Amino acid sequence: MSPTLATVRTRLTDLADQAGVSTATVSRVLNGKSGVSTQAREAVLAALDVLGYERPEKLRTRSTGLVGLVVPELSNPVFPAMAQAVESVLTRRGYTPLLCTQSPGGTTEDHYVEILLEHDVAGIVFVSGLHADTTASTERYHALRGRGVPIVLVNGRADDVDAPAVASDDAVAVDQAFTHLLALGHRSIGLATGPTRFVPARRKHARFAELLRTRLGVEDPDGHVVATLFSVEGGVQAAHELLDSGHTAIICGSDLMALGAIRAARSRGLDVPGDVSVVGFDDSPLIGFTDPPLTTVRQPVQAMAQAAVQALMGEIAGTPASRTELLFHPELIVRGSTGAAPGRPDATV
């Protein structure tokens, strides 16, 4: 049965509200008419997808090719967010993304690459993969480049690999968190990170040690840094060690670690932020709704995804992108998990 006029109007209104455009603009897009900006057209197409409407046949983009997207396990909310952002940009560029997610004991990065090559992908985006592990061989990436497969590395540069790299600036992230905690009166600040064989953790560690020396006069970072896992359990372990040594503030290498640090503090009867302040990293989806809402350093996921895909498109088109790593400026998001240091009620942000 054909949809009623009221149904059609409702659909147009819903799409217009979601896309932030007029119903007339929605109508022009759906009917394939000219006179609509690219931005407005993309907003309407995105609204169709979000609201679950099937795109009209005339609006379905014929795939230009397949692109592999290799990401770590999806238990850390930042990775699904990154995957979704990259997939969205790829789709707008006319490519079909093939998502490959890893998990402990599951399909390896190398096996996924074999599968992607069998599907004759146009290129591959690696997010926080083995390229970020300084102990892993980079031969796999050399082999891909030797076969002429364009690749882009996200969050973890391998200096000897001929590929563009995109990352959030970990040094700036630590700067922002450290400066914020200093302004709140904290002078015993600890760092909880994942294994330092990973590039992001190594960069955070290096900048933190420098800040301890230049801002607090602490020459040796030992006792102020705990490297465990980028997980809730890792955050619990690291926080217990740092709390044992008298730290009143903890900067964490991920939001999950920060949630673990809060759990550890509460298990000791400590208040967050009254007794100890905690800062996360990533600003994962929904992290602002934790108890307390988490102060964190936001990775610019959308901008990084856009840059990664743009670099890959250049590689595919034969116009290679710069091999200088593109670092994106993170943003400190102050919420409820940080406060004045104990005994420093006059401290201000």
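For clarity, every value in this text was computed on a predicted model and none was experimentally measured. We're numbering straight along the sequence, starting at 1.
Under the 3.5 Å distance criterion, the side-chain polar atoms of Thr295 are left unmatched by any main-chain donor or acceptor of Val279. Side-chain atoms of Thr108 come within 3.5 Å of backbone atoms of His111 as a donor-acceptor pair (strictly under, hydrogens ignored). In this structure, the side chain of Asn76 does not engage the main chain of Phe79 through any donor-acceptor pair within 3.5 Å. Formation of a donor-acceptor pair under 3.5 Å by the Thr179 side chain with backbone atoms of Asp175 is found in this model. A donor-acceptor contact shorter than 3.5 Å is absent between the side chain of Ser27 and the backbone of Ala24. Looking at Asn155, its side chain never comes within 3.5 Å of a backbone N or O of Ser128 through a donor-acceptor pair. A donor-acceptor pair is defined here as one N or O able to donate and one able to accept, closer than 3.5 Å; no such pair exists between the side chain of Thr23 and the backbone of Thr13. No side-chain donor-acceptor contact under 3.5 Å links Asn31 to the backbone of Lys33. With hydrogens and angles ignored, the 3.5 Å screen pairs no side-chain donor or acceptor of His119 with any backbone N or O of Val67. Put simply, the side chain of Thr296 gets close to the backbone of Gly280: a donor and an acceptor are under 3.5 Å apart.
Grouping Ile, Leu, Val, Met, Phe, Trp and Tyr by side-chain contacts under 4.5 Å, direct or through others, leaves Ile333 on its own.
Under the 4.5 Å side-chain criterion, counting only non-hydrogen atoms from C-beta, Gln310 is in contact with Arg93. Side-chain atoms of Val226 and His240, non-hydrogen and from C-beta on, never get closer than 4.5 Å to each other. Looking only at side-chain heavy atoms (C-beta outward), Leu30 and Leu15 come within less than 4.5 Å of each other. No side-chain heavy atom of Tyr112 sits less than 4.5 Å from a side-chain heavy atom of Leu99. Within the 4.5 Å cutoff, no side-chain heavy atoms of Pro273 are placed close to those of Val278. In this structure the side chain of His142 never reaches within 4.5 angstrom of the side chain of Arg147, judged on heavy atoms.
Residue Leu98 holds its CG atom at 10.0 Å from CD1 of Ile115, rounded to the nearest 0.5 Å. Here Leu191 contributes atom CG and Leu242 contributes atom CG; the two are 8.0 Å apart, rounded to the nearest 0.5 Å. In this structure, the separation between OG1 on Thr228 and CD on Glu241 is 8.0 Å, given to the nearest 0.5 Å. Here the OG1-CG distance, from Thr138 to Asp159, works out to 10.0 Å after rounding to the nearest 0.5 Å. Once rounded to the nearest 0.5 Å, the distance linking CD1 of Ile189 with CZ of Arg215 reads 9.0 Å. In this structure, the separation between OG on Ser188 and CG on Leu181 is 11.0 Å, given to the nearest 0.5 Å.
Of all non-hydrogen atoms in Gly336 and Pro292, the two that sit nearest each other are O-CB, 3.6 Å. Taking both residues in full, the closest heavy atoms of Asp162 and Arg145 are given as O-NE, 2.8 Å, listed atom of the first, atom of the second, then distance. In this structure, Ser337 and Ile262 approach most closely via the heavy-atom pair CB-CD1, 4.5 Å. In this structure, Phe281 and Ser168 approach most closely via the heavy-atom pair CZ-OG, 4.0 Å. For Ala321 against Pro164, the heavy-atom pair with the smallest separation is CB-CB, 4.1 Å. In plain terms, the two heavy atoms of Glu109 and Gly129 that are nearest each other are OE1-CA, 3.4 Å.
Partner of Asp133 under the salt bridge (Lys or Arg N to Asp or Glu O under 4.0 Å) criterion, out of Arg140, Arg202, Arg197: Arg197 alone.
Partners of Phe126 by ring pair (Phe, Tyr, Trp, His ring centres under 6.0 Å), not counting sequence neighbours, listed by chain and number: Tyr141. For His224, the ring pair (Phe, Tyr, Trp, His ring centres under 6.0 Å) partners two or more places apart in sequence, or in a different chain, are His247.
Atom CD of Gln84 is surrounded by 12 or fewer heavy atoms from other residues, nucleotides or ligands within 6.0 Å. For CZ of Arg263, the number of neighbouring non-hydrogen atoms (other residues, nucleotides, ligands) closer than 6.0 Å is 12 at most. In the displayed structure, Asp160 atom CG is contacted under 6.0 Å by more than 12 heavy atoms of other residues, nucleotides or ligands.
Side-chain heavy atoms closer than 4.5 Å link hydrophobic residues (I, L, V, M, F, W, Y) into clusters, and following such links, even through other members, never connects Val334 to Leu294. Placement of Val225 and Leu182 within a single hydrophobic cluster is found when ILVMFWY residues are connected by side-chain heavy-atom separations under 4.5 Å, directly or transitively. Residues Val232 and Val78 fall into different hydrophobic clusters, defined by Ile, Leu, Val, Met, Phe, Trp and Tyr side chains chained together at heavy-atom separations under 4.5 Å. Side-chain heavy atoms closer than 4.5 Å link hydrophobic residues (I, L, V, M, F, W, Y) into clusters, and following such links, possibly through other members, connects Val174 to Leu332. Phe230 is not connected to Ile250 by any chain of hydrophobic side-chain contacts under 4.5 Å among Ile, Leu, Val, Met, Phe, Trp and Tyr, and they are in different clusters.
At a cut-off of 3.5 Å, with distance as the only test, a side-chain donor of Thr338 or His180 sits close to an acceptor on the other residue. Looking only at atom types and distance, the side chain of Thr25 has a donor-acceptor partner in the side chain of Ser22 under 3.5 Å away.
Using a cut-off of 4.0 Å between Lys/Arg side-chain N and Asp/Glu carboxylate O, Glu315 and Arg323 are scored as salt-bridged. The pair Arg298-Asp282 fails the salt-bridge criterion, with no side-chain N (NZ, NE, NH1 or NH2) lying under 4.0 Å from an Asp/Glu carboxylate O. Salt-bridge annotation for Arg157 and Glu325: absent, with no side-chain N of the basic residue lying under 4.0 Å from a carboxylate O of the acidic one. Using a 4.0 Å cut-off between charged nitrogen and carboxylate oxygen, Asp275 and Arg266 do not count as a salt-bridge pair.
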query: Where do Arg41 and Ser37 land on the side-chain hydrogen bond (donor to acceptor under 3.5 Å, both in side chains) test, with the steps shown first?
result: CA-CA 6 Å; Arg41 183 179 184 278; Ser37 69; over 6 Å; no
message: Asp283 vs Arg335, test: salt bridge (Lys or Arg N to Asp or Glu O under 4.0 Å). Steps then yes/no.
response: CA-CA 11 Å; Asp283 196 31; Arg335 299 191 179 104; 3.0 Å; yes
field: Working for side chain to side chain contact (heavy atoms under 4.5 Å, CB included), residues Val71 and Val86
entry: CA-CA 11 Å; Val71 300; Val86 173; over 6 Å; no
- request: Applying side chain to side chain contact (heavy atoms under 4.5 Å, CB included), run through Leu66 and Asp120 and close with a yes or a no.
  value: CA-CA 7 Å; Leu66 304 175; Asp120 196 29; over 6 Å; no
- prompt: Given His205 and Thr196, is the side-chain hydrogen bond (donor to acceptor under 3.5 Å, both in side chains) satisfied, shown in steps?
  reply: CA-CA 8 Å; His205 185 294; Thr196 52; over 6 Å; no
task: Could you give me the CA-CA distance, side-chain angles and deciding distance for Val21 and Val44, then say whether side chain to side chain contact (heavy atoms under 4.5 Å, CB included) is met?
output: CA-CA 8 Å; Val21 298; Val44 173; 3.9 Å; yes
